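Please read the structure below before turning to the comments.
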Protein chains: 2
Amino acid sequence: MSNIKDTKTQKGSNTYNMILRKAVDIASIEGLNGVSIGRLASELNMSKSGLFAHFGSKEQLQSKIIDIAAQIFNEEVIKPAESHQMGLHRLWSLMDNWISYLERKVFPGGCFFSTVTIEYDCKKGELHEKIGKIMSDWRNRIINELNTAKGNKQIIKDADIYKLAFEIISIGMGANWIFNYYNDKEICMQARKSILDLLNAVIIDKSIKLS
Amino acid sequence: MSNIKDTKTQKGSNTYNMILRKAVDIASIEGLNGVSIGRLASELNMSKSGLFAHFGSKEQLQSKIIDIAAQIFNEEVIKPAESHQMGLHRLWSLMDNWISYLERKVFPGGCFFSTVTIEYDCKKGELHEKIGKIMSDWRNRIINELNTAKGNKQIIKDADIYKLAFEIISIGMGANWIFNYYNDKEICMQARKSILDLLNAVIIDKSIKLS
DNA sequence: CCTACCGATCGGTAGG
DNA sequence: CCTACCGATCGGTAGG
């Protein structure tokens with residue numbers, strides 16, 4: 001049933017994946033608009049038109065860059081958290097993985113999504129919508145774990161879940177910025193501590209150890 | 001003693017200021033690299049070379065855009081806080097003014113400095129250095145007010161000033177992002193509440209009213 | 001996957 | 001402040 005074309009000509013092709021892996025790294029530093037087809041081709045020792053043929057338009061290339069970035073984010077941050085029980089422990093695993101993904105420099109420009117969500121925050125169109133949905137999904141994932149934690153009586157029942165999720169994500173954005181801009185590695189432990197303190201302020205069972 | 005040339009040909013000229021006022025608005029949306037001399041000239045009904053002559057290079061134009069953005073930031077956020085007494089009250093005024101500067105859309109793309117500090121976080125060169133210094137100054141201003149508050153016994157003596165400053169700035173960045181991306185006006189009051197809660201957690205004299 | 005192109009736009013210059 | 005221009009690069013196409 002599986003179609004060879006699906007795995008060979010497009011998503012499975014080495015060239016196709018090599019292009020996107022290079023492109024996502026450039027985009028994490030320069031933004032999605034900073035990826036030019038000519039530069040990408042010359043860095044990969046390909047002709048411009050040969051590269052272009054894989055995508056059909058620059059916007060399609062940019063859209064695929066977002067897809068592969070989401071895939072990498074999933075592998076590096078989300079999947080490893082799934083071994084932890086839902087609620088507080090999984091939430092903490094998500095955030096700890098996220099900070100570790102900065103430290104390990106999974107993308108050379110820090111968090112790909114922090115870069116492009118600021119780049120597209122005042123723009124319109126498909127790319128804005130696509131990035132906006134990924135960021136909403138991330139925020140909802142955090143809210144969801146907080147709600148589970150509340151249901152399980154891990155955190156106090158009048159904890160403001162939306163406010164907490166906003167604060168946690170904001171600290172992530174701040175840490176990404178300081179880590180990249182000033183090459184300040186200590187900010188990562190600082191951010192972990194900030195997030196833990198926010199959670200500890202609403203934790204009921206003080207025996208829960210997250211760090 | 002004052003030189004007419006200083007106020008007429010360059011910094012005082014209407015054209016020069018008009019160019020920069022337009023350019024800073026574009027940059028707040030598109031980033032500093034998204035400002036092109038040709039587009040800027042056509043939007044202002046000028047010739048490219050006529051506009052170019054004011055600056056000498058694109059990098060000089062970008063540098064002057066940063067200067068005028070800092071000047072506007074100073075007028076809108078920093079100066080109005082100076083009527084409040086140093087320490088907690090001035091700090092709160094700074095942050096309240098900052099959020100209000102988002103709400104009033106002083107720049108159409110939200111906070112100019114949030115945009116360009118992410119744009120330049122992994123780049124090198126004069127523009128990176130210049131933006132980095134302005135952001136450090138802002139962070140140090142917050143740290144300074146917190147230290148004054150500690151000296152005045154407004155906040156507890158083992159409050160972690162650097163952590164608190166990091167958290168406050170991060171919440172600002174998060175609010176700017178959500179406000180711009182999702183056109184979510186409520187996030188501004190949410191951010192005010194988050195900052196107040198962070199401060200209230202370390203305030204000694206609970207009679208201090210900030211909001 | 002390539003060579004060879006296209007029109008548009010980029011930053012910048014010469015000369016007035 | 002302008003017209004007229006420069007080489008380089010942009011996204012994209014024709015044809016193989």
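Chain identifiers are assigned alphabetically (A, B, ...) following the order of the sequence lines, protein sequences preceding nucleic acid strands; residue numbering begins at 1 within each chain. Just so it is clear, the structure is predicted and the values come from calculations on it, not from any experiment. All values below were derived from every heavy atom in this structure, side-chain atoms included, with hydrogens, water molecules and symmetry-related copies excluded.
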Can you check nucleotides 3-5 of chain C for protein contacts, nitrogen or oxygen pairs under 3.5 Å, and list what you find?
from  : atom 1 : to    : atom 2 : distance (Å)
C:dT3 : O4     : A:S49 : OG     : 2.4

Please answer whether the main-chain N or O of B:G172 pairs with a side-chain N or O of B:N176 as donor and acceptor at a distance below 3.5 Å. no
Hey, what's the ring geometry for B:F73 with B:Y101, parallel, tilted or perpendicular (30° and 60° as the breaks)? perpendicular
Which label fits B:F55 and B:Y16: parallel for a plane angle under 30°, tilted from 30 to 60°, or perpendicular past 60°? parallel
Separation of C:dT9 P from B:E43 CD (nearest whole Å): 13 Å
Got a salt bridge between B:R21 and B:D25, using NZ or NE/NH1/NH2 to carboxylate O under 4.0 Å? yes
Is B:D197 salt-bridged to A:K163, cutoff N-O under 4.0 Å? yes
Dot-bracket, 5' to 3', for DNA chain C please: Watson-Crick or G-U pairs under 3.5 Å, [ ] where pairs cross earlier ones, | where the partner sits on another strand, dots elsewhere. ||||||||||||||||
Whole-Å distance, A:L40 CG to D:dC10 C1', equals 14 Å
Nearest-Å distance for atom pair CG/P, residues A:N33 and D:dT9: 18 Å
What integer distance in Å separates A:F52:CZ from C:dC6:P? 17 Å
Results of salt bridge (Lys or Arg N to Asp or Glu O under 4.0 Å) for A:E43 - residues two or more places apart only: A:K22, A:R39
Atom CG of A:N45 and atom C1' of C:dC2 are separated, to the nearest Å, by 14 Å
Output the rounded distance in Å from CD1 (A:I37) to P (D:dC10). 9 Å
What integer distance in Å separates A:L51:CG from D:dC10:C1'? 14 Å
Pairing of B:E129 and B:K123 as salt bridge, 4.0 angstrom limit: no
Thinking salt bridges, do A:K130 and A:D67 make one under a 4.0 Å N-O criterion? yes
Output the single nucleotide from D:dC10, C:dC10, D:dG11 whose closest atom is nearest the side chain of B:R39. C:dC10
Atom-pair distance (CD on A:E59; C1' on D:dC10), nearest Å: 16 Å
Heavy atoms, side chains only, cut-off 4.5 Å: are B:H128 and A:Y181 in contact? yes
